[in-house]
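Below you'll find the structure, written out as structure tokens, and then a few comments.
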Amino acid sequence: MAASSSLFSCSRHTGVPALNISKHSKNNSWCHWKISNKPPMGQKFHLDDVIESQQFDRDTLTAIFEVARGMENIEKNSPGSQLLKGYLMATLFYEPSTRTRLSFESAMKRLGGEVLTTENAREFSSAAKGETLEDTIRTVEGYSDIIVMRHFESGAARRAAATADIPIINAGDGPGQHPTQALLDVYTIEREIGKLDGIRVGLVGDLANGRTVRSLAYLLAKYSNVKIYFVSPDVVKMKDDIKDYLTSMGVEWEESADLMEVASKCDVVYQTRIQKERFGERIDLYEEARGKYIVNQDVLNVMQKHAVVMHPLPRLDEITVEVDADPRAAYFRQAKNGLYIRMALLKLLLVGW
Amino acid sequence: MAASSSLFSCSRHTGVPALNISKHSKNNSWCHWKISNKPPMGQKFHLDDVIESQQFDRDTLTAIFEVARGMENIEKNSPGSQLLKGYLMATLFYEPSTRTRLSFESAMKRLGGEVLTTENAREFSSAAKGETLEDTIRTVEGYSDIIVMRHFESGAARRAAATADIPIINAGDGPGQHPTQALLDVYTIEREIGKLDGIRVGLVGDLANGRTVRSLAYLLAKYSNVKIYFVSPDVVKMKDDIKDYLTSMGVEWEESADLMEVASKCDVVYQTRIQKERFGERIDLYEEARGKYIVNQDVLNVMQKHAVVMHPLPRLDEITVEVDADPRAAYFRQAKNGLYIRMALLKLLLVGW
Amino acid sequence: MAASSSLFSCSRHTGVPALNISKHSKNNSWCHWKISNKPPMGQKFHLDDVIESQQFDRDTLTAIFEVARGMENIEKNSPGSQLLKGYLMATLFYEPSTRTRLSFESAMKRLGGEVLTTENAREFSSAAKGETLEDTIRTVEGYSDIIVMRHFESGAARRAAATADIPIINAGDGPGQHPTQALLDVYTIEREIGKLDGIRVGLVGDLANGRTVRSLAYLLAKYSNVKIYFVSPDVVKMKDDIKDYLTSMGVEWEESADLMEVASKCDVVYQTRIQKERFGERIDLYEEARGKYIVNQDVLNVMQKHAVVMHPLPRLDEITVEVDADPRAAYFRQAKNGLYIRMALLKLLLVGW
């Protein structure tokens with residue numbers, strides 16, 4: 001499934017039913033459930049798996065963020081640090097992603113859980129052997145309590161979730177989804193700026209290929225009075241599907257070629273890396289694109305005092321190192337927030353609220 | 001040492017003494033020891049290492065299976081889940097086998113133990129460095145309490161056991177042995193059918209090359225009134241050494257070309273994968289062999305109600321996916337039983353009965 | 001930075017200030033601090049990181065060795081085995097070194113700590129992505145409490161330490177330093193011989209390229225009445241920088257071509273591997289060099305009763321296997337001492353004395 005269609009598989013906009021795998025019951029009452037600020041302790045989380053951003057409505061995000069906030073305060077050897085004692089997470093990675101894997105494994109261990117690591121999951125289904133993803137999942141679920149899965153094919157996580165009796169978390173499936181990244185981005189905006197309604201966000205860089213900025217735009221549309229600016233080289237502009245979606249949701253957006261002006265107005269400047277691999281042999285186009293919008297001291301100088309610079313990392317030189325020392329450089333805090341979001345999701349999927 | 005001779009290194013049949021490494025004492029009294037159904041708690045396990053199927057007599061199997069059965073009932077955070085707390089297992093894998101590795105690591109962690117993982121153990125003895133297996137073992141035993149080892153050379157596990165002062169478990173040594181797989185297969189038959197004496201087992205597929213079916217036939221010979229059917233394409237028929245051995249042990253066996261008839265009579269249909277890599281350039285022979293005996297709905301239809309289908313996994317299409325939904329499809333339960341058998345062996349080797 | 005200059009970066013000899021990264025305070029009072037045999041429990045360790053041998057003066061070595069000695073006696077499931085419970089160590093290896101990695105991971109787990117493993121840290125900064133080491137460190141320090149790092153570039157560990165707010169341990173940075181190896185070597189001499197002052201050590205083999213023997217010579221110079229013998233093929237003789245340094249420190253040394261005579265006089269025969277990769281196409285020179293000085297039964301026969309043979313491992317045939325059975329073969333005990341030294345350093349950096 002292509003990224004663009006996948007992003008809109010929710011029923012409101014495409015007529016295709018959104019993902020709703022209900023493993024443990026067919027009771028869908030959670031759909032009507034009003035999430036208070038504090039859901040009752042121990043109550044079952046209403047999601048069985050974390051597969052795509054579309055699973056999260058605004059109330060769910062609010063509640064997850066509250067759990068994540070609590071995770072920030074867990075002390076070493078406190079009772080909270082043993083929340084997942086006795087639970088075993090398998091990281092089933094069909095392609096390497098050390099950054100994401102370490103973040104999940106740290107999250108599990110920070111909560112007292114244990115980890116089985118598989119960085120070369122492709123070997124399960126090697127050419128010679130040819131096991132299906134479904135068979136691999138049925139085997140691994142016998143060894144663990146939750147599976148965090150990275151795959152090279154869009155839709156693989158959804159297939160795994162349809163097979164498994166234990167929770168699956170999608171840690172990126174090819175050009176498809178990477179929902180925990182989307183959640184940590186929104187969480188970071190709320191933590192840094194203190195609100196999501198009324199936020200002004202400048203999305204900068206490769207807006208055509210980055211699943212990160214696409215998912216972020218999608219989630220921001222759940223909040224009111226949001227304004228989004230797109231700042232990108234012509235060859236990697238935001239695609240129409242997202243623009244149309246934002247319009248349909250009443251989100252204001254505009255394209256701009258003036259990073260300085262956008263930076264002066266925004267609460268968040270979300271920079272991204274221009275992905276060289278998308279340009280094939282046209283190195284000239286790549287070089288032109290990557291040098292066009294750099295976040296540097298000049299950009300910082302026009303930004304508001306409360307505003308922040310974000311980036312999903314890794315970065316090359318699209319943010320200069322001089323920016324790092326400024327308190328508005330939020331990207332390493334953003335990476336750390338990934339830990340808290342993943343701690344929250346592991347806790348919710350394994351032991352509930 | 002070739003697989004066939006290795007399989008029969010026990011003294012009764014070849015005059016070669018069976019493996020009997022006694023690390024901690026030269027006292028062989030366990031040979032005469034009558035295993036009751038419940039050996040006294042904490043008593044030393046009479047094996048120092050798990051190297052090959054020949055180490056296990058019928059009483060030992062019975063006792064191990066009883067421990068494995070107990071493992072099925074260990075609850076999260078119960079005292080049982082902390083049986084191996086403080087113990088450290090090193091997985092020393094000279095070739096990748098994610099499935100086997102995860103099973104062992106899960107077993108260790110389910111009992112509260114810890115794991116050191118080495119998936120690229122060849123690097124220890126890289127061409128440039130050239131360390132012997134013995135030196136590697138002496139180093140790794142300084143860091144751990146038990147070593148689970150996978151190697152590409154037949155006999156490697158035995159050499160490791162001869163060197164180490166800590167227990168070694170053979171997780172497969174090339175064309176040689178894979179004793180924990182053999183144990184989990186027998187355990188699964190007992191769990192699924194409720195007995196081993198008088199069992200009727202159909203071994204199907206690649207019987208020439210599969211060490212799994214060879215070891216299974218060897219262990220089944222320890223039980224009475226067993227009948228074994230061999231169903232395989234001509235190019236991969238069961239070899240004479242096993243047939244002769246079964247005959248010498250009074251086990252009835254026959255070859256058949258009629259899978260439907262065998263399936264209708266058996267308690268267990270044990271399907272295996274035809275290994276493409278054995279056919280070299282003769283892809284035509286491979287294609288002919290692999291399509292010949294498929295376990296599908298038609299086979300299920302003639303099988304008895306209490307009978308089961310087993311497979312060591314991974315499977316390709318030698319069992320069709322339609323079979324998965326039938327309660328008689330035991331292969332994923334079989335994979336899970338590997339966890340319990342490995343938990344039992346780790347417990348026995350590290351802390352005794 | 002080349003190994004030779006790096007080794008002498010301490011201010012006394014080059015005018016260049018020695019490494020002195022003070023993360024948590026700029027208070028240098030530890031320089032004047034008299035280490036008693038028992039520093040007060042819980043007092044902060046005066047080093048923030050372990051980057052190079054030059055950080056360790058004689059008093060610090062004595063105190064670390066005392067902690068390491070205590071580590072030898074920690075029992076399974078005793079309070080000592082939980083010293084680092086709740087702490088998380090990341091092993092960030094840019095090149096594989098299974099031996100060193102397992103030793104650190106075992107050390108951490110023996111103290112109740114947890115581990116995040118990265119054997120392919122290069123992937124963080126792959127060609128396509130191009131993240132700097134500094135960015136990687138800032139990300140990983142968000143997930144862990146201490147980073148053990150192996151890198152292919154000399155000076156990488158120092159750069160990491162300058163960036164990180166958590167402790168960094170250098171587990172080898174290219175041709176640069178491998179300080180924990182140097183410490184375990186000195187610790188082993190003290191454990192085996194019972195003293196360091198007045199010791200006579202024969203360094204044998206590849207003295208030109210081995211960072212091990214260079215660091216060992218450097219650290220031994222901190223003790224009094226030490227005598228060092230260099231025994232090596234001409235093509236891999238000890239370089240002048242170390243010789244000059246020893247002379248400047250008042251350490252007696254001599255070169256010898258007679259291994260038997262040296263062995264008869266020494267407390268320690270420290271053998272090393274001739275590194276084939278240093279000889280390029282001159283296989284003839286390599287073969288000549290590697291066969292020249294072998295430690296075998298003849299050498300043992302002339303050695304004193306209390307003397308020992310050491311080797312950093314892996315060995316090829318520069319020590320014959322017949323030597324292994326002699327109680328004076330200390331190299332596997334030496335490897336195990338690496339565990340205790342690393343336990344001590346992890347404890348000191350994370351929770352202090």
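No experiment lies behind these values; they were computed from the predicted model shown. To find a chain, count down the sequence lines: A is the first, B the second, and so on, and within it residues start at 1.
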## Note on the structure
Per-residue tally against chain C (heavy atom, under 4.5 Å) across A:Lys76, A:Arg315, A:Glu119 peaks at A:Lys76
#### Entry: Contact class of A:Arg101 relative to chain C, heavy atoms under 4.5 angstrom
side chain
### Query
Quick one: of A:Glu105, A:Glu75, A:Lys109, who has the most non-hydrogen atom pairs under 4.5 Å with chain C?
A:Lys109
### Donor-acceptor under 3.5 Å (A:Gln177 side chain, A:Asn170 main chain)
no
#### Entry: Minimum side-chain heavy-atom gap A:Glu288-A:Leu285 below 4.5 Å
yes
### Query
Side chain, backbone, both or neither: which part of C:Ser144 has a non-hydrogen atom closer than 4.5 Å to chain A?
backbone
### Query
Which one, A:Leu339, A:Asp317, A:Leu102, A:Val115, leads in non-hydrogen pairs under 4.5 Å with chain C?
A:Leu102
### Side chain C:Arg150, main chain C:Glu95, donor-acceptor under 3.5 Å
no
### Query
So A:Tyr187 and A:Phe65, would you call those rings parallel, tilted or perpendicular, with 30° and 60° as cut-offs?
tilted
#### Entry: Option from C:Leu111, C:Ile166, C:Leu83, C:Ile146 for which side-chain contact (heavy atoms from CB on, under 4.5 Å) with C:Leu350 holds
C:Ile146
### Task
Pick one of side chain, backbone, both or neither for A:Ser81, based on which atoms fall under 4.5 Å of a heavy atom in chain C.
neither
